[in-house]
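Reading through the structure tokens given below for one structure.
Both backbone and side-chain heavy atoms feed into the values below; hydrogens, waters and symmetry mates do not. All chains are named by letter (A, B, ...) in the order of the sequence lines, taking the proteins before the strands, and each is independently numbered beginning at 1.
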There are 4 protein chains.
Amino acid sequence: MGSIYGKIFQISTFGESHGAAVGVVVQGCPAGISFDLEFIQSELDRRKPGQSRITTQRKEADSIEVVSGVFEGKTTGTPIAMLVWNGDQRSKDYSHIADQFRPSHADYTYFAKYGLRDYRGGGRSSARETVARVAAGALAKLVLVQLGVKITAYVSQVGTLKLLRPVEQLDLSVTETNAVRCPDPEMADQMFHYIDEIRKQGDSVGGVVSAYITGCPVGLGEPVFDKLHAELGKAMLSINAVKGFEYGSGFDGVEKKGSEHNDVIVKEADGTVRTLTNHSGGIQGGISNGEPIYFRVGFKPVATIMQDQDSINEKGDKITVSGKGRHDPCVVPRAVPIVEAMAAIVILDFYLRNRVIQMPA
Amino acid sequence: MGSIYGKIFQISTFGESHGAAVGVVVQGCPAGISFDLEFIQSELDRRKPGQSRITTQRKEADSIEVVSGVFEGKTTGTPIAMLVWNGDQRSKDYSHIADQFRPSHADYTYFAKYGLRDYRGGGRSSARETVARVAAGALAKLVLVQLGVKITAYVSQVGTLKLLRPVEQLDLSVTETNAVRCPDPEMADQMFHYIDEIRKQGDSVGGVVSAYITGCPVGLGEPVFDKLHAELGKAMLSINAVKGFEYGSGFDGVEKKGSEHNDVIVKEADGTVRTLTNHSGGIQGGISNGEPIYFRVGFKPVATIMQDQDSINEKGDKITVSGKGRHDPCVVPRAVPIVEAMAAIVILDFYLRNRVIQMPA
Amino acid sequence: MGSIYGKIFQISTFGESHGAAVGVVVQGCPAGISFDLEFIQSELDRRKPGQSRITTQRKEADSIEVVSGVFEGKTTGTPIAMLVWNGDQRSKDYSHIADQFRPSHADYTYFAKYGLRDYRGGGRSSARETVARVAAGALAKLVLVQLGVKITAYVSQVGTLKLLRPVEQLDLSVTETNAVRCPDPEMADQMFHYIDEIRKQGDSVGGVVSAYITGCPVGLGEPVFDKLHAELGKAMLSINAVKGFEYGSGFDGVEKKGSEHNDVIVKEADGTVRTLTNHSGGIQGGISNGEPIYFRVGFKPVATIMQDQDSINEKGDKITVSGKGRHDPCVVPRAVPIVEAMAAIVILDFYLRNRVIQMPA
Amino acid sequence: MGSIYGKIFQISTFGESHGAAVGVVVQGCPAGISFDLEFIQSELDRRKPGQSRITTQRKEADSIEVVSGVFEGKTTGTPIAMLVWNGDQRSKDYSHIADQFRPSHADYTYFAKYGLRDYRGGGRSSARETVARVAAGALAKLVLVQLGVKITAYVSQVGTLKLLRPVEQLDLSVTETNAVRCPDPEMADQMFHYIDEIRKQGDSVGGVVSAYITGCPVGLGEPVFDKLHAELGKAMLSINAVKGFEYGSGFDGVEKKGSEHNDVIVKEADGTVRTLTNHSGGIQGGISNGEPIYFRVGFKPVATIMQDQDSINEKGDKITVSGKGRHDPCVVPRAVPIVEAMAAIVILDFYLRNRVIQMPA
């Protein structure tokens with residue numbers, strides 16, 4: 001339980017960091033979608049390790065293999081299984097931690113929950129499972145692009161370095177041109193050097209990924225529990241290392257008065273209903289209103305650091321966990337495609353859910 | 001779709017603000033639980049309007065009626081249906097907005113989604129639906145108390161007034177002694193007067209509810225998508241007017257380094273595994289580790305204000321929405337029991353889900 | 001758990017035989033459907049006790065009350081809660097069986113499962129819960145009729161009395177004109193007298209309800225586990241006293257050769273794809289092919305009889321269960337609307353599920 | 001949608017007959033189960049083609065590959081993915097039917113539903129998908145055996161040849177000693193020759209698989225919709241070619257009177273509650289009562305025959321479908337392990353579901 005996400009466009013993921021493979025079975029993908037394998041691979045490439053010196057130096061080809069659900073280049077409406085084999089496993093790297101509980105990892109909680117655990121690289125709790133999310137999200141994007149929905153994410157904070165310019169003033173096409181994935185080149189540069197500094201210290205640091213979605217049809221999201229932003233929140237909070245989620249005006253909105261915060265509704269000449277401001281973040285009453293959807297996702301500093309730390313082992317003995325392995329000093333650059341992927345999965349799922357609530361004319 | 005929550009302790013809610021009743025059907029409640037109707041009613045009383053001059057002056061008795069699933073004072077393991085009849089409906093209050101789209105309400109999005117809507121008091125989008133959540137949450141609390149789990153929430157911010165003292169330094173038993181539900185009496189007083197000021201202005205203001213959960217067993221939460229904090233996040237974000245959720249170190253944790261943020265694990269003399277700090281917020285890898293769970297929920301200023309506002313009607317004509325009706329200038333005092341209720345539902349659901357993953361000895 | 005049915009048109013039922021009420025919350029009903037309360041009541045009237053001397057003499061008005069989800073005569077797309085209050089409860093009738101396990105009832109299994117039980121009239125295990133099914137099914141019918149789907153059921157066997165004429169030779173409009181609900185008036189008469197005879201003996205007898213569905217669109221049903229007939233089977237088998245389900249050629253088809261059994265496909269002048277025979281029962285590979293869907297549902301003789309029977313009580317002491325109360329000697333006449341209701345719920349759910357698998361042009 | 005089965009022990013299957021592989025992701029398998037790969041392979045071997053001259057002559061090694069969820073020989077509580085690569089695909093065998101709708105196959109319905117289809121060997125509608133069921137079912141058996149549950153199935157009818165002896169008089173250990181999987185050697189012999197005769201005629205014939213389950217704990221099954229037999233029924237009806245399901249007294253029970261059919265309850269010397277007869281089939285009110293569970297599953301003659309048949313193609317032209325390929329003249333011998341597998345999945349799922357309804361002492 002816990003590895004299935006979505007109601008209609010539903011993904012079921014599997015795989016451990018150092019098992020044979022990680023993968024996903026996608027149910028409920030509409031039939032007849034052109035299956036662009038190259039695009040899916042390119043999304044995985046955005047996520048993969050070793051992209052620059054500020055990301056982990058693990059070498060993983062992360063080549064996608066499609067097992068089912070596609071015929072003559074189109075989706076058939078049946079489950080689409082996709083696998084990425086784990087190449088560079090180096091299981092021996094982890095034998096020294098077989099009985100250790102690393103601080104702020106899931107070692108202790110998995111052991112306590114299941115009575116045993118795959119300790120190699122964190123097993124199922126490793127962020128390697130996000131490979132499956134990115135593959136499924138890429139597929140969702142292939143459907144959404146036909147509907148005119150565009151999902152982009154970018155790094156807006158690293159440690160205390162904050163990109164304060166509002167999204168409307170940013171050139172999001174710049175995001176992918178730097179290793180940090182920050183659309184402000186100057187800030188990207190500062191962030192890069194800061195992360196590199198942290199890396200040299202053998203430490204890690206947190207950050208924020210912001211997302212911006214345009215072209216989302218009006219009416220997505222379901223009343224009460226399955227509000228669009230509630231599901232986006234769950235999807236984002238389920239990503240490794242995420243500690244917070246806010247959308248629209250977010251926590252800043254708390255400080256506002258209603259008279260400042262309310263978004264005045266107007267009808268434009270072409271008949272489009274718009275709001276003059278967008279503190280609502282494109283969602284009202286849990287349902288999209290056609291305005292851009294935007295939200296922020298806060299990531300903690302990753303728990304793996306290259307420093308010695310006190311802890312205990314399975315027996316409860318005090319031990320020192322020594323800093324080894326190859327890890328990211330800051331996850332947010334590689335988290336950008338993961339945030340986009342989860343957003344795509346949520347939006348497509350709600351799009352499909354929304355198709356059933358009104359009868360055809 | 002969208003009005004069902006939970007996998008095993010599963011609630012299905014229904015009802016509009018000005019329909020006949022609001023209610024809930026609870027599936028999966030364990031059998032043999034002493035059904036303390038008085039306690040459930042007392043939780044509803046904490047939520048109900050008219051508690052002080054800073055909450056809405058609507059008069060609603062909100063008396064709970066139990067329809068099924070309880071026999072001779074005990075739950076029977078079958079669905080428990082509970083209803084609260086809507087007494088003080090005054091539907092006529094709303095006739096003037098029948099075709100109006102109020103700014104930052106769900107009027108436009110519901111109309112666009114469904115092609116029609118129950119405009120009376122927001123219909124299903126009204127916060128009145130939280131009656132059902134509080135009733136179901138009270139039932140969940142009755143089970144959790146047997147397991148030693150204690151869930152408390154309190155107001156920690158109103159507008160820019162922030163309660164900065166950490167939870168460990170607060171006397172949470174004081175929370176319910178003031179109308180604001182802030183455990184710091186001095187701050188509560190300031191908040192009260194601020195909200196009252198806002199009320200006189202015919203305006204509204206946002207706030208933050210903090211939650212604190214102790215006694216949660218180790219091992220609750222499921223890997224990958226159904227992480228404990230992801231589900232808590234969804235549950236909180238699904239409450240009306242919520243714009244953000246963070247747990248543990250939250251967005252502040254973003255700015256920290258791993259070496260500062262990691263929680264060192266120790267084993268106490270009595271064998272209990274603890275962490276020296278608790279930036280993790282009691283959850284690691286999505287699974288509870290036995291430390292207190294804490295999180296913050298940000299509420300926007302409610303959209304209903306007693307001032308004239310520009311908007312459009314269903315036909316798209318420009319109109320003025322005039323401020324009428326009886327509403328809360330700040331929702332957070334009454335949101336406290338709602339946050340607790342949703343937390344109780346989530347924790348109990350995960351407790352039950354966790355019972356199946358290890359075989360009995 | 002166990003009282004929710006359907007994926008999109010999803011019903012959540014509740015209520016005990018002698019509790020306050022039985023009811024249902026329907027999620028996922030399309031918006032804008034004219035809510036014909038009179039029709040729903042008329043379907044309940046077809047199910048209610050006391051219709052003739054061959055059905056139980058309990059007097060239950062079974063008046064439906066709608067609590068939510070309907071506004072100005074139309075469904076709003078939000079949950080529709082419907083209740084039937086239990087009037088003629090006579091709980092005292094059952095005090096003598098408070099600790100008795102009646103043979104072939106659910107008394108022992110409920111007690112063993114839950115550790116306690118509502119013994120009054122079988123509690124949740126009573127066929128009274130089918131009130132909720134019929135109400136939800138009537139709502140489903142209101143949607144299906146707009147799509148041209150027609151669902152009819154009838155009694156085709158009582159004890160050893162079998163209606164052998166194929167459905168194409170029957171005048172199904174006659175079904176409701178007799179107390180047995182058999183479309184062959186002569187056979188209906190024989191069945192009536194046989195059931196009346198059984199009643200006088202204080203005994204009960206089984207029967208078969210056949211169903212016939214026309215106008216079902218091509219393409220309903222999902223591959224592999226959620227085949228249309230698999231879900232119809234589950235729905236029927238979930239009705240009290242059902243012991244078997246077969247569709248199309250059914251168990252008789254077992255004895256046939258493929259060369260006899262295969263249905264030749266043709267295209268008619270108007271472009272409709274048809275089959276020359278219909279051993280498939282309108283379903284191929286789990287998906288409707290546009291031909292009439294037909295199936296048979298076998299009901300055992302009800303367990304309640306007016307004769308003394310050996311059994312044990314909760315303590316394990318040998319006892320005599322004496323025949324008291326008011327029950328049906330044969331359930332199939334009143335089961336006809338229940339079979340129709342469950343079929344309607346299944347077909348509508350699959351209709352809605354099918355709307356998402358192909359992208360709009 | 002449609003390829004997921006189970007609530008807690010939940011399987012998600014994928015794969016087409018002539019795609020790269022068929023497989024399954026199992027969620028919710030308890031942790032710490034010894035993963036006996038050899039046993040799982042042996043179950044697949046019972047299902048695989050080419051076992052004797054009365055089964056299809058396709059050569060498929062059907063070697064299972066485990067991708068995740070198992071560590072050091074034990075299940076870890078995380079998703080278990082298993083794959084069987086499709087070796088002997090011979091896609092060219094099917095090019096001649098690329099646009100043909102074979103009678104009583106799913107060709108037309110898949111095409112109508114999805115707008116396109118993988119025509120090779122039936123694609124997703126092929127019985128090859130049952131490989132995934134058998135693999136998952138074998139895993140379920142590994143858990144159930146620890147609980148003392150034993151599931152056995154056997155062939156009880158082929159065409160008109162019926163094994164009339166009740167199960168108590170059969171030596172089920174004989175079942176696997178003959179190619180038909182009938183526990184009566186003499187009848188097995190007759191059936192074998194009959195099937196062989198049918199094979200020579202290029203025809204096919206139906207049959208019945210009976211199942212017998214002992215050691216099932218009391219209390220499995222959920223009230224109302226998820227009755228144990230309702231879910232068993234759905235599981236069985238979802239198997240390719242199944243047309244009917246009955247349990248306990250089944251359709252024969254229809255003809256009985258209540259006074260004959262009711263099972264008298266007794267308490268044995270050792271405290272066990274038993275029934276003197278077992279017309280209930282081990283299930284009362286949808287919940288297991290500890291008696292053996294038994295049911296019958298009716299299979300139609302498979303649609304593929306080695307004879308010419310009239311049909312149409314995608315354009316609607318009249319065509320002749322010629323009999324080619326390698327198929328089973330009678331599926332029931334190979335269906336035995338599939339019936340067992342689905343039964344194991346259902347029983348284990350209910351076992352796990354039942355663990356949550358009573359609070360721990």
Side-chain angles (χ1 to χ4, degrees), chain A residues 1-3 5 101 103-104 106 109 112-113 115 124-125 159-160 203-206 208 218-219 222-227 229-230 233-234 237-238 243-246 248 250-251 253-259 261-265 267 280 284-285 287 289 298 300-301 303 305 307 310-312 316, chain B residues 1-3 5 101 103-104 106 109 112-113 115 124-125 159-160 203-206 208 218-219 222-227 229-230 233-234 237-238 243-246 250-251 253-259 261-265 267 280 284-285 287 289 298 300-301 303 305 307 310-312 316 358:
Chain A
M1 298 206 290
S3 290
Y5 192 78
F101 296 146
S104 289
T109 52
K113 184 179 184 74
R124 183 74 180 143
S125 74
T160 54
D203 214 331
S204 65
V205 71
V208 172
V218 183
E222 301 291 326
V224 184
F225 300 115
D226 295 354
K227 292 186 166 87
H229 58 266
K234 177 178 170 181
L237 287 156
S238 76
K243 302 295 282 187
F245 170 87
E246 58 181 356
F251 280 100
V254 163
E255 306 190 0
K256 292 214 164 56
K257 294 183 187 178
S259 54
H261 192 273
N262 283 355
D263 297 314
V264 171
I265 308 173
K267 189 165 196 168
S280 298
Q284 289 177 327
I287 299 170
N289 69 352
K300 69 166 187 173
I305 55 175
Q307 302 177 6
D310 291 337
S311 192
I312 61 171
Chain B
M1 299 207 290
S3 290
Y5 192 77
F101 296 145
S104 290
T109 53
K113 184 178 184 74
R124 182 73 181 142
S125 74
T160 54
D203 214 330
S204 65
V205 70
V208 172
V218 183
E222 301 292 326
V224 183
F225 300 115
D226 294 355
K227 292 184 166 87
H229 58 266
K234 176 178 171 180
L237 287 157
S238 76
K243 302 293 282 188
F245 170 87
E246 57 181 356
F251 279 100
V254 164
E255 307 190 359
K256 290 214 165 55
K257 293 182 188 178
S259 54
H261 193 275
N262 283 356
D263 297 315
V264 171
I265 309 173
K267 189 165 197 167
S280 299
Q284 290 178 326
I287 298 169
N289 70 351
K300 70 166 187 175
I305 55 176
Q307 300 178 6
D310 291 336
S311 193
I312 61 171
Q358 285 193 31

ask   = Which atoms form the tightest heavy-atom contact between B/E255 and A/G159, and what is the distance?
value = CG-O, 3.6 Å
request  = Mind ranking B/D226, B/V254, B/V205 by heavy-atom pairs under 4.5 Å with chain A and telling me who comes out on top?
outcome  = B/V254
request  = State which residues pass side-chain contact (heavy atoms from CB on, under 4.5 Å) with B/I287; sequence neighbours excluded, sorted by chain then number.
outcome  = A/T109, A/Y110, A/K113
ask   = For A/I305, is it the side chain, the backbone, both, or neither that has a heavy atom closer than 4.5 Å to a heavy atom of chain B?
value = side chain
inquiry  = Counting C-beta onward and ignoring hydrogens, is there a side-chain heavy-atom pair between A/K257 and B/P301 closer than 4.5 Å?
reply    = no
note = Scored by heavy-atom pairs under 4.5 Å with chain B, the best of A/G285, A/G250, A/G248 is A/G250
ask   = Under a 4.5 Å heavy-atom cut-off, does chain B meet the side chain of A/N262, its backbone, both or neither?
value = both
Winner by heavy-atom pair count (cut-off under 4.5 Å) against chain A, out of B/A106, B/G253, B/G206, B/A230 = B/A230
key: Contact summary for A/S104 and B/H261, nearest pair of heavy atoms   = OG-O, 4.2 Å
query = Taking the side chain from B/H229 and the backbone from A/L237, do they hold a donor-acceptor pair closer than 3.5 Å?
reply = yes
key: Side chain, backbone, both or neither of B/D310 within contact of chain A (heavy atoms, under 4.5 Å)   = both
Per-residue contact mode, A/S3 against chain B (heavy atom under 4.5 angstrom) = both
message = Strictly distance-based, threshold 3.5 Å: is any side-chain N or O of A/K227 a donor or acceptor partner for the main-chain N or O of B/S238?
response = yes
query = In terms of heavy-atom proximity below 4.5 Å to chain A, should B/V218 be classed as side chain, backbone, both, or neither?
reply = side chain
message = Can you tell me which of B/A112, B/G2, B/S311 forms the most heavy-atom pairs within a distance under 4.5 Å of chain A?
response = B/G2
Heavy-atom closest contact (A/D263 atom, B/P103 atom, distance) = O-CB, 3.5 Å
inquiry  = Can you tell me how the ring of B/F251 sits relative to the ring of A/F251, calling it parallel under 30°, perpendicular over 60° and tilted otherwise?
reply    = perpendicular
task = For each of B/S280, B/G115, B/G233, B/P223, tally heavy-atom pairs with chain A at distances under 4.5 Å, and name the one with the top tally.
result = B/P223
key: Residue pair A/R124 / B/V224, side-chain heavy-atom distance below 4.5 Å   = yes
ask   = Measuring heavy-atom distances to chain B, does A/V208 have an atom under 4.5 Å in its side chain, in its backbone, in both, or in neither?
value = both
Residue selection (most heavy-atom pairs with chain A, distance under 4.5 Å) from B/F225, B/F101, B/Y5 = B/F225
